[in-house]
Student: 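This structure is in structure tokens; I'll ask about it shortly.
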2 protein chains.
Amino acid sequence: MTTGIETTEGTEERIFEAARKVFARKGRDGARMQEIADEAGINRALLHYYFRSKQGLFEAVFAHMFEQYMRSFDAVLEPGQPFPELLRRFVDHYIDYAIEHEDMIRLMMGENLRGASILGEALAAAKHSESSLPNRIEHAIRAAIHSGEIREVDPSHTLLTIVSACIHFIVMKPTVQAMNPDAEADFSAFTEARKQHITDLLLLGMQPVEVAS
Amino acid sequence: MTTGIETTEGTEERIFEAARKVFARKGRDGARMQEIADEAGINRALLHYYFRSKQGLFEAVFAHMFEQYMRSFDAVLEPGQPFPELLRRFVDHYIDYAIEHEDMIRLMMGENLRGASILGEALAAAKHSESSLPNRIEHAIRAAIHSGEIREVDPSHTLLTIVSACIHFIVMKPTVQAMNPDAEADFSAFTEARKQHITDLLLLGMQPVEVAS
DNA sequence: GTCTATATCTCGATAGAC
DNA sequence: GTCTATCGAGATATAGAC
């Protein structure tokens with residue numbers, strides 16, 4: 001009944017998956033090679049056989065997660081949508097993804113706190129590629145301004161504000177829950193309410209200004 | 001010519017200041033007792049003489065910074081201000097403070113990433129005290145709704161959005177600078193523009209809805 | 001490729017002289 | 001109170017047998 005495929009499944013992949021879990025749980029510094037080895041069902045030496053060092057393992061894992069993260073937005077950014085619809089879908093997806101992959105969000109934040117040297121290549125690439133996520137969104141904002149759907153906002157700051165509103169409450173979850181009974185009782189409901197709040201507030205805030213009476 | 005006051009200046013205070021700097025630079029885990037000792041101009045053993053352990057030293061430093069942080073808002077929240085003025089002053093102060101005390105913001109974020117166990121007491125106190133910072137702001141939002149200055153927004157989510165918009169771009173500074181030429185060239189100018197953007201966007205977004213025609 | 005055993009290092013904490 | 005010297009835990013990384 002064995003397919004012959006699942007039996008071995010590559011030690012390297014097992015290590016990679018184990019590392020992903022442990023780094024996510026404990027962070028880059030907090031993670032222990034022993035724990036990764038245990039999770040993968042092998043011993044420490046093999047970790048160094050496949051990936052040279054802890055740093056090497058982390059970089060491999062991080063790069064992979066970051067790419068998945070970026071790709072996850074592809075479906076959301078279909079062209080030709082009215083701006084309010086685009087914003088609503090973007091916020092929905094961003095928050096859903098961030099909740100489901102809280103690990104990734106926390107790792108990314110951790111790297112930023114340490115100076116984000118590891119993000120260097122990925123971000124530099126994003127900056128100069130016209131098809132990168134941030135560039136595509138800023139482009140959509142400019143298009144909406146041009147078509148009169150929204151007023152003349154600064155695209156960079158607006159994107160930053162949207163992202164902040166979607167992510168920050170997850171990174172600050174302990175504080176948010178400590179200060180907010182609703183969030184502590186039912187974080188999932190709190191999250192849904194938050195999507196609505198963000199979309200409403202930002203759409204209103206970006207409303208075109210009416211031309212004098 | 002020695003006053004007799006500045007000469008010694010308390011070893012404990014010197015340690016405390018040194019710890020503040022080093023913890024801010026390197027984070028809780030990244031900081032080394034040796035480095036703190038060097039910065040204070042004494043040796044490691046004395047650190048343990050005055051504060052029991054590294055954890056003890058960190059908690060002392062953190063608690064002190066957190067209290068200063070909370071107190072810094074006192075002047076901003078004078079009652080009787082019109083809401084737009086209150087929001088503008090709050091955003092201004094928050095961003096100025098966060099920029100000037102980036103250390104504190106980063107430490108706070110780091111603790112949140114690790115579960116924020118150290119924030120426990122401080123946050124629990126804030127939650128139940130009517131005069132705590134978050135409660136006072138949410139109260140101001142409710143008052144503004146009641147007076148008709150703004151529409152019926154959810155106070156908790158609104159506060160969260162304001163805070164996110166003010167802080168997140170500082171925590172994510174490496175990413176923000178990597179993606180944004182303006183921010184990299186002149187972060188100070190970028191910051192001033194950001195204040196304006198946030199205040200404009202949020203005030204518009206909270207505008208009272210006009211009653212039919 | 002996979003294991004055991006160990007080298008090497010770093011760091012927090014303590015003992016004990018002064 | 002302040003120092004020097006050192007302990008001991010815990011981590012990454014490697015050597016070498018199988």
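Below, chain A is the first sequence line, B the second, and so on; all start at residue 1. Note that the coordinates shown come from a computational prediction; the quantities given were computed from them, not determined experimentally.
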Student: Rounded to the nearest angstrom, tell me the gap between atom CD1 in A:I42 and atom C1' in C:dG1.
Tutor: 11 Å

Student: Just to be sure I understand the rule, does B:F51 reach a base, reach only the sugar-phosphate, or reach nothing, if contact means heavy atoms closer than 4.0 Å?
Tutor: nothing

Student: Could you state the atom-to-atom distance from CG of A:N43 to P of C:dT4 in whole Å?
Tutor: 6 Å

Student: Looking at A:R52 and A:Y49, would you say the former's side chain and the latter's main chain have a donor-acceptor pair under 3.5 Å?
Tutor: no

Student: Any sub-3.5 Å donor-acceptor pair from B:H101's side-chain atoms to B:Y97's backbone N or O?
Tutor: yes

Student: Within this structure, what is the CD-to-P distance between A:E13 and C:dG1, rounded to whole angstrom?
Tutor: 12 Å

Student: Does the side chain of B:L47 come within less than 4.5 Å of B:K54's, by heavy atoms?
Tutor: no

Student: Closer than 3.5 angstrom, by distance alone: can the side chain of B:H197 be matched with the main-chain N or O of A:H157 as a donor-acceptor pair?
Tutor: yes

Student: Determine whether a donor-acceptor pair (N or O, by modelled atom type, separation under 3.5 Å) exists between the side chain of B:N112 and the backbone of A:T175.
Tutor: yes

Student: Whole angstrom is fine here: how far is it from CD1 in B:I36 over to P in C:dC11?
Tutor: 12 Å

Student: Under 4.0 Å between a side-chain N or O of B:T11 and OP1 or OP2 of D:dT2?
Tutor: yes

Student: So A:A37, base contact, sugar-phosphate only, or nothing? Heavy-atom distance under 4.0 Å.
Tutor: nothing

Student: In whole Å, what is the span from the CG atom of B:D29 to the P atom of D:dG10?
Tutor: 16 Å

Student: When you get a sec, tell me which of C:dG12, D:dT14, C:dT14 is the closest nucleotide to the side chain of B:A45?
Tutor: C:dT14

Student: How long is the line joining CE of B:M33 and P of C:dT10, in whole Å?
Tutor: 18 Å

Student: Nearest to the side chain of B:L46 - C:dA13, C:dG1, D:dG1?
Tutor: D:dG1

Student: What is the distance, to the nearest angstrom, from the NE2 atom on A:H48 to the C1' atom on C:dG1?
Tutor: 16 Å

Student: What nucleotide, of D:dT6, D:dA11, C:dT2, holds the atom closest to the side chain of A:R32?
Tutor: D:dA11

Student: Between D:dA13, D:dT2, C:dA13, spot the one nearest the side chain of B:Y50, thanks.
Tutor: D:dT2

Student: With heavy atoms under 4.0 Å as the rule, sort A:L47 into base, sugar-phosphate or nothing.
Tutor: nothing

Student: Does D:dA13 have OP1 or OP2 sitting under 4.0 Å from an N or O in the side chain of A:Y49?
Tutor: no

Student: Measure NZ/B:K26 against P/C:dT10 and give the value in whole Å, please.
Tutor: 14 Å

